Each structure stands twice: as structure tokens, then as C-alpha cells.
2 protein chains.
Amino acid sequence: MDMTTKLIVAAERLFDRHGYMATGMDRLTEAAGMSSRTLYKHAGNKAQLMARVLMERNRRFMARFEVQTVDALFAALEDWVRVEGTRGCLFLRSRAETGGDTPEIAEAVAAHKAAFHRRIEQVVEANLGHEDPILAEQVLVLLEGATHAAVYRGADAVSAARAAASILIAKART
Amino acid sequence: MDMTTKLIVAAERLFDRHGYMATGMDRLTEAAGMSSRTLYKHAGNKAQLMARVLMERNRRFMARFEVQTVDALFAALEDWVRVEGTRGCLFLRSRAETGGDTPEIAEAVAAHKAAFHRRIEQVVEANLGHEDPILAEQVLVLLEGATHAAVYRGADAVSAARAAASILIAKART
DNA sequence: TGCAATGTACAACGATCGTTTTACATTGGT
DNA sequence: ACCAATGTAAAACGATCGTTGTACATTGCA
């Protein structure tokens, strides 16, 4: 595993578990197993590192959500939280922690959420045979809600959301 | 307005807008218009201050959600985001920023989310005439999702959630 | 009149922050 | 054989962190 990858993997883990601001560079160098010199050569600075982490996470997340049906979106989320845990959305969290004042982070978040929204619209259209922006927005709200409710309600939140979505889809088909 | 209130109001505003960790005590004393000595006499320390802020916010939040119908829950959320803005859930954010490692904060968050869940269960039961834990979970997911989706989708997310809830309720009544 | 409480201003504490510097070791390719 | 690249270890940078100490002003009640 090359140094940049090792760094991003370690950084994502620490940022996710302890928060962005609460994670110092010392802890990061130790977890990534490299000197601070090397870390800065690869990452530039802390904000750029956070942005890289988010872009990489976006890639991994969107890959898991390359599905054909709305129900499969929720199945993908069930898998995601089983593998990644339930600590909320790292994109919204990073934006909140920085107050939206760090451009590279704000842009990475915006890019991810735009892609997420687009993907949902596509899947909804494929399922219904036509566009339905309102239903797409509802599915987005259910996915976002399941992600955050799962933090304190556990995996039940995701299955409840899944069942709700299936009712909304059935109703939209009539 | 007494000193403690002034402090908590200023702290909530800064924590919400810039994040908990990113808000230094200097900025806090300046915003609250008091010396650091006075701040510490009233707040104890930063973590206790955050916990007090959360307890106060819980009070204000729950007061707004003293309603009789599920639809009114979403109307209350529409009001809430209009007044308070769309920066996500300060409770989950504070837990994420501290990694859940600060007991007073973790407890304040747990207390709020438990009260929130209980309130939803009560309203659902009042609306249906009987308990329905799954529907309550779905309403919770929709409210949580609307709160977080509104960060990047705006108020449309809340009205979409509201419409979705009304469909789920209608279906549960049959 | 006087004491206790409550406030201010401001310097200082040690710790830690993100980042850079210095000096040196290892390696792969021409 | 040698240069360039890539890594390490460790100290140091100035800034800022949360918190406390010192010294003094104001006020309300006994």
C-alpha cells in the first residue's frame, strides 16, 4: 500500500471516529506510520487532507450505490452502516466542523451531495419510467434520515426507512 | 438578561455556526460580553458549557414540538428551520465532534434523543388510537432526514418529508 | 459603615496546535 | 558509481488552546 493511500485510510478512520478538529497531526502521523515530513509532502495541509479523504469516501460510497432499484438503495445503506458503522454523514459533519469556511472541504461536500441527489433521481426515474422529483426528494430524506437516526436508533432505522420507501413507491406507481 | 443566560445564548450561536472545537474561549467571552473569569465561574469548563447549551436547546426544541398531530410535527420543524437555520442537528454534531468521549455531552445528547423519540411515539399513538412503533420510527427518520437534507436541499426537504409522512399515516389508518 | 458577593481587565500558565527546518539514511535508475 | 528521489527522526517555529491567578471596582444587604 503506497504512502498516500495509507495516509488517507488512517485519516478517514480518525476523522470519523474522533472528529476533524479533535484529530491532531501527531496522532495522524502515528496512525499512518510515517513522519510528519512525509505526511505534509503528500497531503499539503490538514484541510487538503480532509478534502482528499472526502473525495475518496465519495468514490467508495457512490460505488456501493450503483444500483437499479430504490429498494436496492436502502439495501446498500444497510450494508454500508454494517461495514462503516453509524457515526452520521462524514460530509455534513466536516462541513459543520469547519463552519463551511474551508473552500476545498465545502466543495468536496457539495460535489458529493450533488452526485448523491443525482443518483437518487436516476434510480427513481428508472423505477417509475418517468421523472418524479418529489419522490426523489422523499427518498433522499429517508436515506439521510436513516443515516442519522441510525446513530442512536441502530440498524432498525434503516429498515424502517426501507419499508417507508417501498410504500411511497407503490403509491407513486398507481 | 442575566450572565448565565447571556453566556448560553452566545455559546449556542457560536457552537452552531462554527462548530464546538473551532470556537475558542476568547471568542466566547467577547461574544458573551464578559470576562473569562466570569465565564468560568458560571460555566465550569468548556464541556459543561456545551452540555448546558444542549440542555437549553432541548428545552426550546421540545417546547416547539408540543403538538397533537404528526403533520404538526413537520409544521413545527418548518418553523424551527426558518427560525434557527439549517445547520443540521446540534446534538448529533456535538457528539460527533467529541467522539462521544465527553460524558456530560453524550448524556445530554442521549437525553434529548430519547425525549424526541418518546414524543413522536406519543403523537403517533394519539393520531392512530393505538401504538405503532414502526410508523413512529419512520416518522423519526423523516424528521431526522428533513433536518439534515435541509442543510443542502433547503426547506423543500422538510415539505417533502411532510408529504411522505401524511401518506404513511393514511396507509396506517386503513 | 462594612463585609461579602460579583463583576472587570489582563497577564500568565503549561499544553498542544499545524507546519517547517535541519540533518541523515536508503534506494533505484542511467 | 552517482545523482535524484524518497523516506526517517527529532527539534523548533509562532500561534493558539483551555484555564487560572492577581489586583481592583462596584454594588446590595447587615
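Residue numbers begin at 1 in each chain, while the letters A, B, ... track the order of the sequences. In this text the structure is predicted, and so the values were computed from the model without any measurement. The figures that follow rest on heavy atoms only: side chains count, while hydrogens, waters and symmetry mates do not.
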> Under a 4.0 Å heavy-atom cut-off, which of residues 5-29 of chain A touch DNA chain C?
Replying inline: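 When residues 5-29 of chain A is checked for heavy atoms under 4.0 Å from DNA chain C, the hits, listed by number, are A:Thr23, A:Gly24, A:Met25.
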For the side chain of [X], counting heavy atoms from C-beta on, which of [options] is nearest?
{"X": "A:Tyr40", "options": "C:dC10, C:dT19, D:dG7", "answer": "C:dT19"}
{"X": "A:Ser36", "options": "C:dA9, D:dA11, D:dT20", "answer": "D:dA11"}
{"X": "A:Arg37", "options": "C:dT21, D:dT19, C:dG18", "answer": "C:dT21"}

> Parallel, tilted or perpendicular: which describes the rings of B:Phe116 and B:Phe61, with under 30° parallel and over 60° perpendicular?
Replying inline: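 Judged by the thresholds at 30° and 60°, the geometry between B:Phe116 and B:Phe61 is perpendicular.
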>> Students often mix this up, so state it plainly: with edges at 30° and 60°, are the rings of A:His112 and A:Phe91 parallel, tilted or perpendicular?
In response: parallel
> Is the shortest heavy-atom distance from the side chain of B:Leu28 to the side chain of B:Leu49 under 4.5 Å?
Replying inline: yes
Rounded distance (Å) that lies between atom [atom2] of [N] and atom [atom1] of [X]:
{"X": "A:Lys46", "N": "C:dG18", "atom1": "NZ", "atom2": "P", "result": "4 Å"}
{"X": "A:Leu39", "N": "D:dA10", "atom1": "CG", "atom2": "P", "result": "17 Å"}
{"X": "B:Glu30", "N": "C:dA9", "atom1": "CD", "atom2": "P", "result": "12 Å"}
{"X": "A:Met3", "N": "D:dG7", "atom1": "CE", "atom2": "P", "result": "6 Å"}
{"X": "B:His42", "N": "C:dT6", "atom1": "NE2", "atom2": "P", "result": "8 Å"}
{"X": "A:Lys41", "N": "C:dT20", "atom1": "NZ", "atom2": "P", "result": "13 Å"}
{"X": "A:Met50", "N": "C:dT19", "atom1": "CE", "atom2": "P", "result": "14 Å"}

>> Ignoring hydrogens and geometry beyond distance, is the side chain of A:Thr38 in donor-acceptor contact with the base of D:dT8 at under 3.5 Å?
In response: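 Looking at the base of D:dT8, it does not pair with any donor or acceptor on the side chain of A:Thr38 (distance under 3.5 Å).
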>> When you measure from the side chain of B:Glu97 to the backbone of A:Gly19, do you find a donor-acceptor pair of N or O atoms at a distance under 3.5 Å?
In response: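 The answer is no, because no donor-acceptor pair under 3.5 Å joins these two groups.
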> Which part of the nucleic acid, if any, lies within reach of A:Gly33 when heavy atoms closer than 4.0 Å are counted: base, sugar-phosphate only, or nothing?
Replying inline: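 The answer is sugar-phosphate, as A:Gly33 gets under 4.0 Å only of primed atoms, P, OP1 or OP2.
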>> Among B:Leu140, B:Ile134, B:Val141, which residue satisfies the side-chain contact (heavy atoms from CB on, under 4.5 Å) criterion with B:Gln138?
In response: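 The side-chain contact (heavy atoms from CB on, under 4.5 Å) with B:Gln138 is passed solely by B:Ile134 among B:Leu140, B:Ile134, B:Val141.
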>> Using a strict threshold of under 4.0 Å (side-chain N to carboxylate O), is an ion pair present between B:Glu84 and B:Arg64?
In response: no
> Is a salt bridge present between A:Arg27 and A:Glu30, judged by a nitrogen-to-oxygen distance below 4.0 Å?
Replying inline: no
